[in-house]
Enquirer: 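Below is a structure I'd like to ask you about.
Below, chain A is the first sequence line, B the second, and so on; all start at residue 1.
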Amino acid sequence: MRIYIDQASGHVGEEVEIAGWLYNKRSSGKLRFLILRDGTGLMQATVSQADVSEEDWAVADELTQESSLIATGTITEDARAPGGYELHVKSLQLVGRSEDYPITPKEHGTEFLLDRRHLWVRSQKQHAILRVRAEVISAIRDYFDSRGYVLFDAPMFTPNAVEGTTTLFETEYFGARAYLTQSGQLYQEAGCMSLGKVYCFGPTFRAEKSKTRRHLTEFWMVEPEVAFMDLDGVMELAEDFTQEVVARVLDRRGEELKTLERNIAALERVKKPFPRITYDEAARILKEKGTDFTYGSDFGGADETVLAEQFDRPVMIHRWPAGIKAFYMKRDPDDPTRSLGVDMLAPEGYGEIIGGGQREDSLEELEKRIEEHNLPRKFFEWYLDLRRYGTVPHSGFGLGLERTVAWICGIRHIRETIPFPRMMYRLEP
RNA sequence: UCCUCGGUAGCUCAAUUGGCAGAGCGGGUGGCUGUUAACCACUAGGCUGGGGGUUCAAGUCCCUCCCGAGGAGCCA
């Protein structure tokens, strides 16, 4: 009977078959200790020369790191084995031999590992991170699906920049120019006017020449958008959503967080309500702390870290100077120099994980903004239609998946939070 | 684009003031019946990123180019 390693505890005393790869090997005289992995975990298999055929003994002896094999034997409970269970091998079958596997059980540099990302994903730390990523994705989908949101995916090809500022990847589209999307938001606005509560979840692209641990050129973003929701509503949504996602990972991926040596207590503090401060209050804190922040500009990485350090859970900063936020942000009726945007900063220096706010719902205001930003009006006619035909107040946000996973995992660089990271100087493998 | 740091064996790194190119891991060979990144012995392995220069002598100093890292800007 074929079983997976994570099912071993239910098969003590039984003869089973395990199919996997050799993770590591140790030997002592006529005894071989094979550490097997099959994607669900690691298990030690012991091969005693006295218990196996001459051929199988030769196989055990010659197995190299990452050779694939099928081992048959009896599961026993043994405190000496890592994980507590081991397989007493009766027979061994080599499936595919691995020659000179480059990633040894010692340390390697980042460049070396990234060049071999297709093999690096076989290692334990990467398993843990990628499982947390998968859990976060499934928590995000469940959160919205169970609350009446409709998945409303946005196109990847767009004819124009959503927000004039950032650089887009350009591509040829049947003789015309097209760009890879940097946000699905405008399309979500159309979606929420149709289905009330919608979200999209997919890759997004930024051609920024950013070489930092917080940036990828291709990353995943989830973007909910809700009709008849104001800024307070979207802040409530963002904090409730973040709390749920973190709680889900704590509940189901404790093993992985342990492998990653994540400080669990810091994640357990992620409970509503999150602190909410205005841009002006944030600016006051930065002035007190003496950073070189200049009032009226956006916060730099160091500023974000200082702000996040003031709180033990994510903090939301709202009511930004209108000039530094996107054209579609609604102005604060109480102070037209402010826009009703909100950013959420993750604790522990992980930076901005959410950006969102209330959208401009007035046709006249939006026309004015498009003109002020020198945006090509013809590409925005459909967007203006949303204000012409039954406009309503509406709000939404975007959450960066990889930054969120990096924060939850407690790893410094977001490049390990996606199977194959795309960065300024890395398009392969 | 700018700033800073780096490139030496397959990998991770060392090499004093400019003075014989080294170690651990990995590979190979042998040993060991309870190993835990096992251990022990032996062994192979080098155009010190490329080019130019200074010097009796360059991994080391100078110029230049290439490659990478993470920080700024910008952002999720």
Side-chain angles (χ1 to χ4, degrees), chain A residues 23-35 42-51 57 61-62 64-66 76 78-84 86 88 98-116 119 123-124 162-168 181-185 203-223 238 292 297-305 324-326 343-346 350-356 397-407 412-415 417-418 423-426:
Chain A
Y23 191 70
N24 200 0
K25 182 174 81 172
R26 293 181 277 269
S27 70
S28 178
K30 305 298 174 212
L31 199 54
R32 298 288 178 267
F33 298 94
L34 312 178
I35 311 298
L42 293 181
M43 188 160 76
Q44 174 164 286
T46 57
V47 187
S48 172
Q49 190 174 23
D51 297 347
W57 179 250
D61 218 24
E62 286 162 21
T64 50
Q65 192 189 355
E66 287 302 320
T76 60
D78 195 316
R80 294 170 297 186
E86 67 180 18
H88 281 265
S98 160
E99 296 285 352
D100 297 324
Y101 188 69
I103 302 177
T104 65
K106 289 283 173 178
E107 284 177 22
H108 300 280
T110 305
E111 190 187 356
F112 179 83
L113 290 168
L114 282 171
D115 283 342
R116 293 158 185 79
L119 301 175
S123 65
Q124 292 305 290
V162 170
E163 313 166 30
T165 52
T166 46
T167 318
L168 298 177
T181 183
Q182 61 176 333
S183 166
Q185 191 215 305
T204 187
F205 310 90
R206 305 272 167 99
E208 281 295 331
K209 292 185 175 176
S210 296
K211 297 179 49 174
T212 85
R213 63 197 166 86
R214 301 186 306 279
H215 289 88
L216 299 172
T217 54
E218 176 183 327
F219 65 97
W220 282 60
M221 190 153 68
V222 58
E223 299 180 275
D292 57 359
S297 65
D298 208 343
F299 304 123
D303 298 325
E304 287 184 353
T305 302
I324 58 172
K325 284 290 175 186
D343 283 4
M344 185 191 288
L345 303 182
Y350 283 91
E352 185 184 343
I353 52 172
I354 282 180
F397 67 79
L399 170 125
L401 177 67
E402 287 76 15
R403 286 188 185 178
T404 304
V405 174
W407 162 50
R412 204 175 139 69
H413 203 301
I414 68 170
R415 65 189 155 211
T417 64
I418 186 166
M423 293 172 290
M424 190 178 160
Y425 290 117
R426 184 165 294 279

Enquirer: Classify the nucleic acid contact of A:L399 as base, sugar-phosphate or nothing, counting any heavy atom under 4.0 Å across all strands shown.
Expert: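 A:L399: no heavy atom of the nucleic acid under 4.0 Å.
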Enquirer: Please state whether the base of B:rA72 and the side chain of A:K211 form at least one donor-acceptor pair under 3.5 Å?
Expert: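 Check fails, no donor-acceptor contact within cut-off.
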Enquirer: Below 4.0 angstrom, N of the basic side chain to O of the carboxylate: do A:D343 and A:K325 qualify?
Expert: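 Yes.
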Enquirer: Which value, in whole Å, describes the distance between the C1' atoms of nucleotides B:rU4 and B:rA21?
Expert: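 Approximately 30 Å lies between the C1' atom of B:rU4 and that of B:rA21.
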Enquirer: Please state whether the base of B:rC32 and the side chain of A:S27 form at least one donor-acceptor pair under 3.5 Å?
Expert: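 Side chain to base: pair present.
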Enquirer: With a 3.5 Å cut-off and heavy atoms only, can you find an N or O donor on one side and an acceptor on the other between the side chain of A:R403 and the base of B:rC75?
Expert: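 Pair found.
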Enquirer: Any strand is fair game: report the nucleotide pairing with B:rC2 by Watson-Crick or G-U wobble, both distances under 3.5 Å, or none.
Expert: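 Paired with B:rC2, as far as the under-3.5 Å criterion goes, is B:rG71.
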Enquirer: Between the base of B:rG27 and the side chain of A:E99, is there a donor and acceptor pair under 3.5 angstrom?
Expert: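 No, the side chain and the base share no sub-3.5 Å donor-acceptor pair.
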Enquirer: Distance between the P atoms of B:rG71 and B:rU16, in whole angstroms?
Expert: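 To the nearest whole Å, 30 Å.
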Enquirer: What nucleic acid atoms does A:E304 come within less than 4.0 Å of, heavy atoms only: base, sugar-phosphate, or nothing?
Expert: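 Base contact.
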Enquirer: Look at the side chain of A:H215 and the base of B:rC75, then say whether one donor and one acceptor between them are separated by less than 3.5 Å.
Expert: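 Indeed, a donor on one side and an acceptor on the other fall under 3.5 Å apart.
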Enquirer: When rounded to the nearest Å, what value does the distance between P atoms of B:rG10 and B:rC47 take?
Expert: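 Those two atoms are separated by 8 Å.
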Enquirer: Is it the case that A:Q185 and A:E223 place a side-chain donor and acceptor less than 3.5 Å from each other?
Expert: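 The answer is no; no qualifying pair exists.
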Enquirer: Look at all strands and tell whether A:P82 reaches a base, only sugar-phosphate, or nothing, counting heavy atoms closer than 4.0 Å.
Expert: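 Contact class for A:P82: base.
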Enquirer: Would you state whether a donor and an acceptor, one from the side chain of A:S210 and one from the base of B:rC74, lie under 3.5 Å apart?
Expert: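 When only heavy-atom distances are counted, A:S210 does reach the base of B:rC74 through a donor-acceptor pair under 3.5 Å.
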Enquirer: Would you indicate what A:Q44 reaches in the nucleic acid, counting non-hydrogen atoms under 4.0 angstrom: base, sugar-phosphate, or nothing?
Expert: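 A:Q44: base contact, heavy atoms under 4.0 Å.
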Enquirer: What is the nucleic acid contact for A:E86, judged by heavy atoms within less than 4.0 Å: base, sugar-phosphate only, or nothing?
Expert: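 It contacts base atoms.
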Enquirer: Pick the C1' atom in B:rG18 and in B:rG53, then give their distance to the nearest Å.
Expert: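 Each nucleotide's C1' atom is 15 Å from the other's.
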Enquirer: Ignoring hydrogens and geometry beyond distance, is a side-chain donor-acceptor pair present between A:T104 and A:H108 at under 3.5 Å?
Expert: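 Yes - a donor-acceptor pair under 3.5 Å links their side chains.
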Enquirer: Please state the C1' separation for the pair B:rU54 and B:rC67 - nearest whole angstrom.
Expert: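 Per the computed distance, 26 Å lies between those C1' atoms.
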Enquirer: Identify the nucleotide, in any strand shown, that forms a Watson-Crick or G-U wobble pair with B:rA14, with both distances under 3.5 Å; if there is none, say none.
Expert: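 Matched B:rA14 with nothing under the 3.5 Å cut-off.
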Enquirer: For A:F33 and B:rG34, say yes or no: do the ring centres fall under 5.5 Å of each other while the ring planes differ by less than 30°?
Expert: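 So A:F33 does not count as stacking on the base.
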Enquirer: Is there a donor and acceptor pair closer than 3.5 Å between the side chain of A:T46 and the base of B:rG34?
Expert: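 Between B:rG34 and A:T46, which were checked side chain against base, a qualifying N/O pair under 3.5 Å is absent.
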Enquirer: Identify whether any heavy atom of A:G351 sits under 4.0 Å from a base atom; if not, whether one sits that close to sugar-phosphate; answer base, sugar-phosphate or nothing.
Expert: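 A:G351: no heavy atom of the nucleic acid under 4.0 Å.
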Enquirer: Just N and O in the side chain of A:R32: are any of them under 4.0 Å from OP1 or OP2 of B:rU35?
Expert: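 It does not, given that no N or O in the side chain of A:R32 lies less than 4.0 Å from OP1 or OP2 of B:rU35.
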Enquirer: Students often get this wrong, so: under 4.0 angstrom with heavy atoms, is A:D298 touching a base, only sugar-phosphate, or nothing?
Expert: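 Sugar-phosphate only.
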Enquirer: Within the structure shown, what part of the strands sits under 4.0 Å from A:R426 by heavy-atom distance: base, sugar-phosphate, or nothing?
Expert: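 The residue A:R426 makes no contact with any strand.
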Enquirer: Given that both distances must come in under 3.5 Å, which nucleotide forms a Watson-Crick or G-U wobble pair with B:rC42?
Expert: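 When the pairing criteria are applied, B:rG28 turns out to be the nucleotide that pairs with B:rC42.
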Enquirer: Look at all strands and tell whether A:R412 reaches a base, only sugar-phosphate, or nothing, counting heavy atoms closer than 4.0 Å.
Expert: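 A:R412: backbone/sugar contact only, no base atoms under 4.0 Å.
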Enquirer: Are any of A:R214's side-chain N or O atoms less than 4.0 Å away from OP1 or OP2 of B:rC74?
Expert: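 So the side-chain polar atoms of A:R214 never come under 4.0 Å of the phosphate oxygens OP1 or OP2 of B:rC74.
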Enquirer: Work out how far the P atom of B:rA58 is from that of B:rC2, and round it to whole angstrom.
Expert: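 Looking at atom P only, B:rA58 and B:rC2 are 33 Å apart.
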Enquirer: Taking the C1' atom of each, how far is B:rC62 from B:rC25, in whole Å?
Expert: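 Rounded to whole Å, the distance is 36 Å.
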Enquirer: Using atom C1' in both nucleotides, what's the gap between B:rG6 and B:rU60 to the nearest angstrom?
Expert: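 Nearest-Å result for B:rG6 against B:rU60 at atom C1': 15 Å.
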